[in-house]
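All remarks here apply to the structure that follows.
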2 protein chains.
Amino acid sequence: MPVKVKRKEHINSAARNLFRERGYSATSMRDIASTVGIEVASLYNHIDSKESMLQQICFTMAEKFLAIIPLVKHLQERPEEQLKEAIRLHVLVITSHADESAVFVHEWKHLSEPHLSAFKKMRNNYEGFYRDLIRRGEELGLFKNIHEKFVMMVLFSSINWLYDYYKPNGKLNPSQISDIITDIFLNGIKNN
Amino acid sequence: MPVKVKRKEHINSAARNLFRERGYSATSMRDIASTVGIEVASLYNHIDSKESMLQQICFTMAEKFLAIIPLVKHLQERPEEQLKEAIRLHVLVITSHADESAVFVHEWKHLSEPHLSAFKKMRNNYEGFYRDLIRRGEELGLFKNIHEKFVMMVLFSSINWLYDYYKPNGKLNPSQISDIITDIFLNGIKNN
DNA sequence: AAACAAAACTAACACTCGTTAGTTTAAAAA
DNA sequence: TTTTTAAACTAACGAGTGTTAGTTTTGTTT
């Protein structure tokens, strides 16, 4: 593997980490450079611009999340089981990409057009998948009859902070985390 | 009421709104000034500094949330009922201060010391109250036995996005919102 | 009408921002 | 060893940052 790729990855990793810790706007290229240990101008031998790094993070993560959809749809099971599996995979993506997930959740608004619109579209697609799942569950009488958008947002908000909680050597591993979340959430919306 | 207070409130309101919409770092004093319709320098006849506005928002909200604790403790009821009431009040604060809540949740990290530490302390106190409530519920066998911190964070994350969902003339009013959240959450963690 | 205070203004300071140009050093290929 | 390429450097640009100084306008109080 050429040195260039290593450096590039080092820069992107520093950017991920700083974007997460301080936010995109409060992170300067000089911050990134000094973290990596080179001069500011040298960054531009490896990356295109500050925003290109944000774009890369946001869209790479969006694709990772969207890739969950066909995997789950393919199961052809009941909404409850599909939701369980979706949550499991979602938690897996977050816990294995904590920095990127934090940036994905909080910093996308600093994207400029047309990337901002493209991002929102992808996110809407992803959220729509969960809304459909929840609506189908409600129609089958499995879930309580609550406005699906509301339930979907409760679900996402219950999941999307996990990048903050999860520590690779912490008490709970990703599988245990998604079991607990699934348990709380599905029992919470279950019709009985 | 003197004109000065009105202007001051106008400035703070614009700041709240822009801090929420674009984030603290991405909001310039010139943005605020042009929203209000005056020159940048004129802002300083009314406010001390950019950060002082952030401080005011964060600490005012922290106090509003902390004020919930004695109200709930005074009830002397079971953890379940206390939790219900706490959620009800918390939702009420959020829905009646949407902009400030968003800033409170996301922008506190841009506080400088010693305010940052003071803020974290207040937040820890508040979170500790909920953890205690949850632990007591677990000890009484009312709730599932899950690490309280985890449950507490699920609860907060389920609640703290509401500034985004709630619209004064939307489908659900604050009371309905807290009923649904309480229903989902308490059924989710209930031992049965 | 005169005096005072509040709040607006213009102008600027010292600094940071992302980024580019041009140059030198280090490494790889010939 | 020479040539080429990648990656570092120094220096700087133009724009934007929060904030202050000093001045003028506006509105209120005597």
Side-chain angles (χ1 to χ4, degrees), chain A residues 1-59 103 107-116, chain B residues 1-59 103 107-116:
Chain A
M1 190 181 294
V3 178
K4 183 174 184 180
V5 173
K6 260 192 174 168
R7 227 336 116 77
K8 193 172 184 175
E9 175 49 28
H10 191 183
I11 292 168
N12 280 318
S13 150
R16 279 200 290 274
N17 199 253
L18 289 167
F19 289 172
R20 176 200 181 160
E21 226 72 57
R22 313 183 183 175
Y24 175 77
S25 289
T27 301
S28 71
M29 294 301 278
R30 284 158 180 86
D31 291 335
I32 298 172
S34 81
T35 299
V36 175
I38 59 177
E39 292 298 316
V40 207
S42 306
L43 292 172
Y44 290 86
N45 284 319
H46 305 276
I47 57 106
D48 288 340
S49 66
K50 187 187 179 189
E51 205 196 304
S52 75
M53 293 191 286
L54 178 63
Q55 284 165 22
Q56 207 222 58
I57 298 169
C58 288
F59 285 96
V103 174
E107 307 300 328
W108 57 266
K109 63 177 155 198
H110 297 109
L111 291 169
S112 63
E113 294 292 0
H115 312 96
L116 182 60
Chain B
M1 194 181 293
V3 177
K4 182 174 186 180
V5 173
K6 259 192 174 167
R7 225 341 114 77
K8 193 171 184 176
E9 175 48 28
H10 190 183
I11 291 169
N12 280 318
S13 148
R16 280 199 290 273
N17 200 253
L18 288 167
F19 288 172
R20 176 199 180 160
E21 226 72 57
R22 313 183 182 176
Y24 176 76
S25 289
T27 300
S28 72
M29 293 302 280
R30 283 159 181 84
D31 290 336
I32 297 172
S34 82
T35 299
V36 175
I38 59 177
E39 292 298 316
V40 207
S42 305
L43 292 173
Y44 289 86
N45 284 319
H46 305 275
I47 56 108
D48 288 340
S49 66
K50 188 187 179 189
E51 204 195 304
S52 75
M53 292 192 285
L54 179 63
Q55 285 165 22
Q56 207 222 56
I57 298 169
C58 288
F59 285 97
V103 174
E107 308 299 328
W108 58 267
K109 63 178 156 197
H110 298 109
L111 292 169
S112 63
E113 294 292 359
H115 311 96
L116 181 60

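Since we're looking at a predicted model, the values are computed, not measured.
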Distance, rounded to the nearest Å, where [X] contributes [atom1] and [N] contributes [atom2]:
X       : N      : atom1 : atom2 : answer
A/Lys6  : D/dA7  : NZ    : P     : 13 Å
B/Lys50 : D/dT17 : NZ    : C1'   : 8 Å
B/Tyr44 : D/dT19 : OH    : P     : 3 Å
B/Asp31 : D/dT17 : CG    : P     : 7 Å
A/Leu43 : D/dC9  : CG    : C1'   : 13 Å
B/Asp48 : C/dA7  : CG    : P     : 14 Å
A/His10 : D/dA6  : NE2   : P     : 22 Å
A/Met53 : C/dG18 : CE    : C1'   : 10 Å

- Message: Could you tell me if A/Lys50 sits above the aromatic ring of A/Tyr24, with its cationic atom closer than 6.0 Å to the ring centre and no more than 45 degrees from the axis?
- Response: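 Yes, A/Lys50 lies over the aromatic ring of A/Tyr24.
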Are OP1 or OP2 of [N] and a side-chain N or O of [X] less than 4.0 angstrom apart?
X       : N      : result
A/Ser28 : C/dC17 : yes
B/His46 : C/dA8  : yes
A/Ser42 : D/dC9  : yes

- Query: Can a donor-acceptor pair under 3.5 Å be found between the side-chain atoms of A/Asn45 and the base atoms of D/dA8?
  - Reply: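 Flag set: donor-acceptor pair detected.
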- Can you check whether any acceptor in the base of D/dG16 is under 3.5 Å from a donor in the side chain of B/Arg30, or vice versa?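 No such pair is found, so the answer is no.
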Under 4.5 Å between any side-chain heavy atoms of [X] and [Y], yes or no?
X        : Y        : result
B/Leu116 : B/Trp108 : yes
A/Ile47  : A/Gln56  : no
A/Leu54  : A/His115 : no

Which of these nucleotides, [options], is closest to any side-chain atom of [X]?
X       : options               : result
A/Arg7  : D/dA8, D/dT20, C/dA8  : D/dA8
A/Ser49 : D/dG18, C/dT19, D/dC9 : C/dT19
B/Ile38 : C/dT10, D/dT19, C/dA8 : C/dA8

- Judged by atom type as modelled, is there a donor-acceptor pair below 3.5 Å linking the side chain of B/Asn12 to the main-chain atoms of B/Lys8?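 Judged by distance alone, yes, a pair lies under 3.5 Å.
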- Dot-bracket pairing map - DNA chain C, Watson-Crick plus G-U, both contacts under 3.5 Å, | cross-strand: |.|||||||||||||||||||||||||||.
- Query: So, A/Ser28 and A/Asp31: side-chain donor and acceptor under 3.5 Å apart, yes or no?
  - Reply: yes
- Walk me through it: do A/Arg7 and A/Ile38 pass the test side-chain contact (heavy atoms from CB on, under 4.5 Å)? CA-CA 10 Å; A/Arg7 227 336 116 77; A/Ile38 59 177; 3.2 Å; yes
- Using the closest heavy atom to pick a nucleotide of DNA chain C for each, name whichever of A/Val40 or B/Val40 lands nearer the 5' end.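 Between the two, 5'-proximity favours B/Val40.
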- Just call it for A/Ser25: base, sugar-phosphate, or nothing, with non-hydrogen atoms closer than 4.0 Å on any strand. nothing
